[in-house]
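Here the structure comes first, spelled out in structure tokens, and everything after it is commentary.
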Amino acid sequence: MATVRLGDIAPDFEAETSQGKIKFHEWLGDSWGVLFSHPADFTPVCTTELGTVANYYPEFKKRNVKVIALSVDGVASHMEWIKDINETQNTTVNFPIIADEDKRIAELYDMIHPNASESFTVRSVFIIGPDKKIKLTLTYPASTGRNFDELLRVIDSLQLTAKYSVATPANWKDGDKVVISTSVKDEDIAAKFPKGYERIKPYLRMTPQPNK
Ligand code: BEZ
């Protein structure tokens, strides 16, 4: 059982999916990635989750993020289930679902938590940067559907902080003020953040979002 931690290179793999065979790193290319597992096909919460992701597809695309789901069911099952998702969630599932029947990838990413379930993957999420490094990990219980608005919010934060010397505060949303990184000296702020800043404490300096 492997543990995948922030900053690690996302383990590479080859897999059968609902859209054919893929090599994960090659499939990601220069994009950001979201890899998320769900317990099983033909289950209610999972059906709403995959439908939501399909409906959010333009939001992921706008952010240059490729999404890919995984469960331990096979391709034939995925294909039948996708018909149900499309019908019930009023969508078209246009991202691949990995068929991890031998649980090889689930093991690689530690998606099976035996004390929760011996046989099914938990609701794991991995956000992967264009450098193939893990930027976020999340684990949800089977009974709680994930909040995909929160994933988009984290992606916005990651993409912003990758470009500017800032971090995002609690409950930040795209367009809110951001925190100036503590590595930026006071004397360098004016040049770096021409929109101005507020110095609440020496370590807490806020500025309007630089790219807005
Ligand atoms: C669901 O997706 O509804 C689900 C899957 C496994 C266990 C409990 C709920």
Side-chain angles (χ1 to χ4, degrees), residues 1-6 10-11 13-22 24 27-28 31-61 63 65-128 134-156:
M1 182 258 293
T3 306
V4 178
R5 295 182 173 161
L6 301 191
F13 56 81
E14 289 190 27
E16 295 293 344
T17 81
S18 56
Q19 296 183 355
K21 205 172 189 142
I22 63 151
F24 187 50
W27 176 83
L28 281 169
S31 301
W32 290 72
V34 172
L35 167 65
F36 67 110
S37 59
H38 53 271
D41 294 1
F42 300 102
T43 50
V45 177
C46 300
T47 300
T48 63
E49 286 195 318
L50 271 76
T52 300
V53 173
N55 282 323
Y56 278 28
Y57 196 76
E59 292 299 322
F60 287 109
K61 195 167 168 50
R63 292 164 174 83
V65 180
K66 287 186 166 180
V67 291
I68 188 162
L70 175 148
S71 84
V72 296
D73 293 309
V75 169
S77 164
H78 288 347
M79 299 311 279
E80 282 306 305
W81 184 39
I82 285 170
K83 290 184 200 162
D84 283 3
I85 299 169
N86 291 347
E87 178 199 325
T88 62
Q89 308 303 304
N90 196 22
T91 196
T92 303
V93 172
N94 46 8
F95 55 87
I97 308 176
I98 296 167
D100 191 28
E101 285 183 288
D102 60 5
K103 302 178 181 162
R104 193 171 35 88
I105 301 155
E107 293 286 346
L108 203 54
Y109 279 81
D110 193 22
M111 292 166 167
I112 295 179
H113 297 195
N115 292 325
S117 166
E118 280 287 348
S119 44
F120 296 127
T121 37
V122 290
R123 295 190 198 283
S124 298
V125 184
F126 299 89
I127 295 181
I128 298 154
I134 301 285
K135 307 294 181 188
L136 166 138
T137 66
L138 266 184
T139 308
Y140 270 44
S143 51
T144 306
R146 284 158 285 198
N147 183 330
F148 293 94
D149 289 320
E150 169 62 1
L151 282 192
L152 290 175
R153 190 189 75 90
V154 176
I155 290 164
D156 284 341

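In listed order, ligands and their atoms are each counted from 1. Here the structure is a predicted model, which means the values were calculated and not measured. This chain uses plain numbering: 1 for the first residue, then up along the sequence. Basis for what follows: all heavy atoms, side chains included, without hydrogens, waters or symmetry-related copies.
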- Item | Inter- and intrachain pairs under side-chain hydrogen bond (donor to acceptor under 3.5 Å, both in side chains), touching residues 112-127, at least two apart | E49-R123
- Residues which pass salt bridge (Lys or Arg N to Asp or Glu O under 4.0 Å) with D73, listed by chain and number, not counting sequence neighbours: none
- Applying side-chain contact (heavy atoms from CB on, under 4.5 Å) to L6 and not counting sequence neighbours gives I134, T137
- Message: Using only atom types and a distance under 3.5 Å, with no angle test, would you say the side chain of H78 pairs donor to acceptor with the backbone of I98?
- Response: yes
- Item | More than 12 heavy atoms from other groups under 6.0 Å of CG on D102 | yes
- Message: Can you list every protein residue that has a heavy atom under 4.0 Å from any atom of ligand 1, sorted by chain and residue number?
- Response: P39, T43, P44, V45, C46, R123, A142
- Message: Salt bridge check, E59 against R63: does any charged N sit closer than 4.0 Å to a carboxylate O?
- Response: yes
